[in-house]
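Notes follow once the structure below has been shown.
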Amino acid sequence: MSSPKVIILAIDGPAGAGKSTIAKRLASRLGFLYIDTGAMYRAVGLWALRTGTSLSDAHRLEQLASMARVELLEGGTRVKLNGEDISDLIRTQQMSDAASKVSAVPGVRRALVDKQREMGARESVVMEGRDIGTNVFPQAQVKIYLDASVEVRAARRLRDLEAKGQAVPLEQVEREIRDRDMRDSTRGEAPLRQAPDAEYLDTSGMPVEQVEEAILRIYRERTANGKE
Ligand code: DC
């Protein structure tokens, strides 16, 4: 009989490190739920922009985050905000920037982290973000910190944007990534940081299959050696 124990595989790291691609593949290999926490911050950012809310109005942003009904559907690949499919709308440079800004507001983080903890309490998950191993699930059995050089991450982000028909100069993507890295890692509340017990993986020169196998090896070691 399979164990009823819930397993949390936490993947953190900066923008463009390959978290989403890898997390989706791992969730499908392991039969876990895939949860993209960045999509939740993007949804709040979208709502704020649509309602003309200032991205520095912490009180109002916290209210939006508490009220937001964010659903992750179709294996976590589609996102609904208050019943509307916003999956494509949130994948723009403007939304990356808005998400990064709203995510620095402590009240927004509290509201979304509560939702994330509820999701991970019910079933085994692969959860990706910036603070999963450090803050959302510090007790996660498996923690991975994915990284890559800024140049590699910008090139990957550019490919994603081009595939969606958005033409943005490489220098602009690189600048946006550097700005976001800075904001995400220097904010006061749950900044992007490697958890002391996370495995560090630089994916710069690694094919996706190799990253996936490396994480699966770590997963097997950590779930079999009594650490959990
Ligand atoms: O992973 P992403 O690029 O979709 O995330 C968008 C922004 O949301 C990111 O710049 C910082 C914020 N974020 C966060 O603060 N904490 C998380 N767990 C996930 C994302």
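Both ligands and their constituent atoms are indexed starting at 1 by order of listing.
If you take CD on Q63 and CZ on R60, they are separated by 5.0 Å, rounding to the nearest 0.5 Å. To the nearest 0.5 Å, atom CZ of residue R130 and atom OG of residue S103 are 7.5 Å apart.
Ranking protein heavy atoms by distance to atom 4 (O) of ligand 1, first place goes to R42 NE, 2.7 Å. Looking at atom 6 (C) of ligand 1, its nearest protein heavy atom turns out to be R180 NH1, 3.5 Å. Counting only heavy atoms of the protein, atom 17 (C) of ligand 1 lies nearest to R130 N, 3.3 Å. Considering only non-hydrogen protein atoms, atom 8 (O) of ligand 1 sits nearest to Y41 CB, 3.6 Å. Among protein heavy atoms, atom 19 (C) of ligand 1 sits closest to T37 OG1, 3.3 Å.
Taking any N or O of D131, backbone or side chain, at least one lies under 3.5 Å from an N or O belonging to ligand 1.
Under 4.0 Å from ligand 1, not a single heavy atom of M95 appears. At a heavy-atom cutoff of 4.0 Å, ligand 1 is contacted by the side chain of S103 but not by its backbone.
Short contacts between ligand 1 and A99, defined as distances under 4.0 Å to a heavy atom of the residue, involve ligand atoms 6 (C), 7 (C), 8 (O). Numbered from 1 in the order shown, with element, the atoms of ligand 1 that lie under 4.0 Å from a heavy atom of S100 read 7 (C), 10 (O). Per-residue contacts place D184 under 4.0 angstrom from the following atoms of ligand 1 (heavy atoms of the residue considered): 9 (C), 10 (O), 11 (C). Under a 4.0 Å criterion applied to the non-hydrogen atoms of G129, ligand 1 contributes the atoms 17 (C), 18 (N), 19 (C).
Classification of the F32-Y219 ring pair by plane angle, with boundaries at 30° and 60°, yields perpendicular.
Checked for salt-bridge contact, R153 and D181 meet the test: a charged N lies under 4.0 Å from a carboxylate O. Ion pairing between E199 and R217 fails under the 4.0 Å rule for side-chain N and carboxylate O. Remark: R180 engages E176 in a salt bridge, criterion side-chain N to carboxylate O under 4.0 Å.
Residue contacts with ligand 1: R109 is included, with a non-hydrogen atom under 4.0 Å away. Not close to ligand 1: Q116, with no non-hydrogen atom less than 4.0 angstrom away.
The heavy-atom pair separating S100 from R183 by the smallest distance is OG-NH1, 2.7 Å.
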Please report the C-alpha distance between R193 and T134 in whole Å, then the side-chain angles of each, then the deciding distance to 0.1 Å, and finally whether the side-chain hydrogen bond (donor to acceptor under 3.5 Å, both in side chains) criterion is met. CA-CA 7 Å; R193 199 155 288 166; T134 51; over 6 Å; no

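With N135 contributing its side chain and A190 its backbone, the two residues share no donor-acceptor pair below 3.5 Å.
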